[in-house]
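The block underneath contains the structure these notes are about, expressed in structure tokens.
Position 1 is the first residue of the sequence, and the numbers go up from there.
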Amino acid sequence: MPVTPRSPAPGPSAPEPPAICSPSPGSAYWAEYAWIGGTVEPGTVIETAGGRITAVRTGVPAPPPGTEPLRGLTVPGLANAHSHAFHRALRGTVQIGSGTFWTWRQVMYSVADRLTPESYFALARAVYAEMALAGITAVGEFHYLHHAPGGTPYEDPNAMGHALMAAAGEAGVRITLLDTCYLASGLLSARRGGAPDRHQLRFGDGSAAAWAERAAALRPPGDHARVGAAIHSVRAVPAAELGAVADWARERDAPLHVHLSEQPAENDACLAVHGRTPTRLLADHGVLGPRTTAVHATHLTDADIALLGDSGTRVCMCPTTERDLADGIGPAAALMRAGSPLCLGSDSHAVIDLLEEARAMELDERLRTRARGHWTASQLLRSATEFGQAAIGWPEAGRLEAGRLADFATVALDTVRTAGPPPRLGAETAVFAATAADVRHTVVGGRHVVRDGVHRSVPDVPAALAEAIQQGAAR
């Protein structure tokens with residue numbers, strides 16, 4: 001059944017409403033330092049109205065009357081381009097013992113089995129609040145947990161998706177619900193995939209046509225939410241159904257995401273069944289292109305890299321998850337050189353820290369090549385901001401300039417991690433030294449969602465996370 005978001009009790013101690021449910025009529029901020037066009041500018045006034053930036057003025061040495069000071073380095077809002085919100089409940093529990101992606105997946109299924117629309121709303125609200133604390137202003141939620149256990153649809157067939165969009169609204173972040181087509185348990189033959197196992201039954205709709213009918217009924221509850229599409233993987237969507245999902249996204253000019261070559265086993269199975277790599281299979285069925293984002297893209301051939309780059313397909317790297325699951329190090333630098341814009345995601349939420357993901361992309365490449373300096377700090381910040389926002393369907397965000405969405409975050413430059421370097425190296429300090437814990441402010445739609453490290457509508461995010469995870473585990 002549909003979820004009704006909880007309303008705070010009236011009174012002076014009630015939390016403030018989410019930032020982007022009602023865009024600010026007009027606010028002005030003074031950024032001590034602002035990252036604009038790849039340069040750190042001291043003393044920048046950012047004026048906003050109606051949820052957008054109306055003016056940016058640099059060279060203002062002190063906060064003018066009526067402006068709100070933002071001490072530290074202000075950057076465009078970070079975009080988490082790949083999230084599975086319910087995976088947050090796995091943190092810590094999957095770090096025991098050894099195993100592979102495939103053994104990790106069994107633990108993940110056990111968490112998914114217990115979620116309801118109500119419990120998923122509570123968990124996602126806390127997870128998205130954690131993202132806001134980390135400077136994330138928009139999330140791409142790769143959503144495949146559609147139905148009740150056993151595959152029976154809820155009274156509202158999109159109850160789980162509506163719960164996620166409502167949760168993001170209460171947490172004050174933008175969301176693109178990437179409604180995911182998931183039809184099979186694996187590659188079985190050129191015509192069909194294996195039947196979903198009991199855990200996967202709640203993920204599937206039976207066919208791409210049935211998926212499209214359900215996804216078309218999704219209605220965002222406010223301006224903070226948009227709907228896109230996702231193909232879970234070539235393992236989970238038979239080749240004959242790929243084009244229908246791509247067509248659905250194309251007709252709506254919506255973003256389309258897909259897990260790609262995360263594991264060598266996926267490549268081996270695809271070659272055995274189709275005689276081609278997953279990337280070639282997607283290209284042959286019209287899936288690749290500038291609106292498409294391939295997630296992980298870890299195990300690619302040179303021909304795969306050329307296909308992705310030549311088509312302008314975006315690639316989302318999730319370095320922490322890829323390390324945590326022992327997936328491998330993807331060819332990010334080669335993909336960039338081939339023409340694929342790179343963005344970043346926290347995926348399984350082993351940590352939620354886009355600054356860590358940005359530096360990990362560079363540091364992992366250093367380990368792989370034994371050479372330094374594959375990306376500048378500014379290039380990595382663009383992946384965490386502008387490129388990520390575009391990948392999840394918010395191209396009007398991602399830059400501090402007039403006309404853009406008034407979404408930005410401030411990283412402190414005076415903590416034990418960030419103190420010392422000159423402010424002109426603020427981008428390098430943020431990317432290579434700061435963590436999510438150094439985010440001081442997050443503004444979405446011109447309103448503070450996080451002020452001085454405190455979430456304004458979810459005041460105790462750790463308690464909300466603990467309660468949601470413990471309640472889910474008790475089911």
Side-chain angles (χ1 to χ4, degrees), residues 35 38-40 73 75 78-82 95 100-101 134-136 260-264 293-302 304-306 308-309 313-388 391 411 413 415-422 424-439:
W35 182 71
T39 301
V40 175
L73 176 69
V75 301
L78 305 176
N80 190 348
H82 190 66
Q95 308 306 328
T100 66
F101 167 87
I136 293 164
L260 177 63
S261 292
E262 185 176 3
Q263 290 289 323
T293 298
V295 181
H296 302 304
T298 308
H299 302 281
L300 303 179
T301 66
D302 290 344
D304 292 338
I305 292 169
L308 292 168
T313 300
R314 302 172 186 273
V315 174
C316 179
M317 310 303 291
C318 305
T320 297
T321 292
E322 289 146 13
R323 291 180 299 187
D324 184 48
L325 299 183
D327 287 343
I329 299 172
L335 285 161
M336 176 191 67
R337 290 192 297 269
S340 288
L342 303 178
C343 56
L344 299 162
S346 64
D347 191 2
S348 66
H349 310 315
V351 298
I352 294 177
D353 188 340
L354 263 288
L355 300 174
E356 166 62 21
E357 304 299 342
R359 88 172 135 262
M361 190 162 70
E362 165 68 24
L363 298 183
D364 285 355
E365 189 71 8
R366 292 182 186 184
L367 285 175
R368 194 177 69 82
T369 64
R370 292 185 290 175
R372 304 176 76 228
H374 302 277
W375 294 272
T376 66
S378 285
Q379 287 175 317
L380 293 168
L381 273 179
R382 286 191 77 192
S383 289
T385 57
E386 181 181 358
F387 293 162
V411 180
L413 298 178
T415 72
V416 293
R417 287 167 293 277
T418 61
R424 63 181 175 81
L425 298 180
E428 287 76 10
T429 303
V431 169
F432 290 105
T435 73
D438 298 309
V439 173

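Distance OG1/Thr313 to CG/Leu260: 9.5 Å, rounded to 0.5 Å. A distance of 4.5 Å separates CG in Asp364 from CD1 in Ile329, rounded to the nearest 0.5 Å. Atom CG of Leu363 sits about 5.5 Å away from atom CZ of Arg366, to the nearest 0.5 Å. Atom SG of Cys318 sits about 12.0 Å away from atom CG of Asp324, to the nearest 0.5 Å. Between Gln379 atom CD and Met361 atom CE the span is 9.0 Å, to the nearest 0.5 Å. Atoms CD and NE2, from Glu365 and His374 in turn, are 5.0 Å apart once rounded to the nearest 0.5 Å.
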Test log, rule side chain to side chain contact (heavy atoms under 4.5 Å, CB included), inputs Thr298 and Gln263: CA-CA 7 Å; Thr298 308; Gln263 290 289 323; over 6 Å; no
Full working for side-chain hydrogen bond (donor to acceptor under 3.5 Å, both in side chains) between Glu357 and Ser346: CA-CA 7 Å; Glu357 304 299 342; Ser346 64; 5.8 Å; no
Full working for side chain to side chain contact (heavy atoms under 4.5 Å, CB included) between Leu308 and Leu300: CA-CA 10 Å; Leu308 292 168; Leu300 303 179; 3.7 Å; yes
Residues Val40, Leu73; criterion side chain to side chain contact (heavy atoms under 4.5 Å, CB included); working and verdict: CA-CA 8 Å; Val40 175; Leu73 176 69; 4.0 Å; yes
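Although no hydrogens or angles enter the test, the distance criterion places no donor-acceptor pair under 3.5 Å between the side chain of Arg314 and the main chain of Pro341. Of the possible donor and acceptor atoms, none in the side chain of Glu362 sits under 3.5 Å from a partner among the backbone N and O of Arg359. Between the side chain of Ser340 and the main chain of Met336, no donor-acceptor pair closer than 3.5 Å is present.
The shortest non-hydrogen separation linking Pro331 to Ala297 is CD-O, 3.3 Å. Nearest heavy-atom pair, Ala358 versus Leu380, reported as atom, atom and distance to 0.1 Å: O-CD2, 3.4 Å. Contact between Ala134 and Ile352 at its shortest, heavy atoms only, is CB-O, 3.8 Å. In terms of heavy atoms, Cys343 sits closest to Gly388 at CB-CA, 3.6 Å.
Side chains of His296 and Glu322: a donor on one and an acceptor on the other come within 3.5 Å. Side-chain atoms of Asp438 and Thr418 include no donor-acceptor pair closer than 3.5 Å. Thr321 and His349 share no donor-acceptor pair across their side chains, judged by distance under 3.5 Å alone. No hydrogens or angles considered: a donor-acceptor pair under 3.5 Å links the side chains of Ser378 and Trp35.
A 4.5 Å side-chain heavy-atom check between Leu325 and Glu262 finds at least one atom pair inside the cut-off. Leu355 places none of its side-chain heavy atoms less than 4.5 Å from the side chain of Phe432. Val315 is not listed as a side-chain neighbour of Thr293, based on a closest heavy-atom distance of 4.5 Å or more. At a threshold of 4.5 Å between non-hydrogen side-chain atoms, the residues Asp347 and Thr320 do not count as touching.
Exactly one residue among Asp353, Leu344, Ile136 makes a side chain to side chain contact (heavy atoms under 4.5 Å, CB included) with Asn80. That residue is Ile136.
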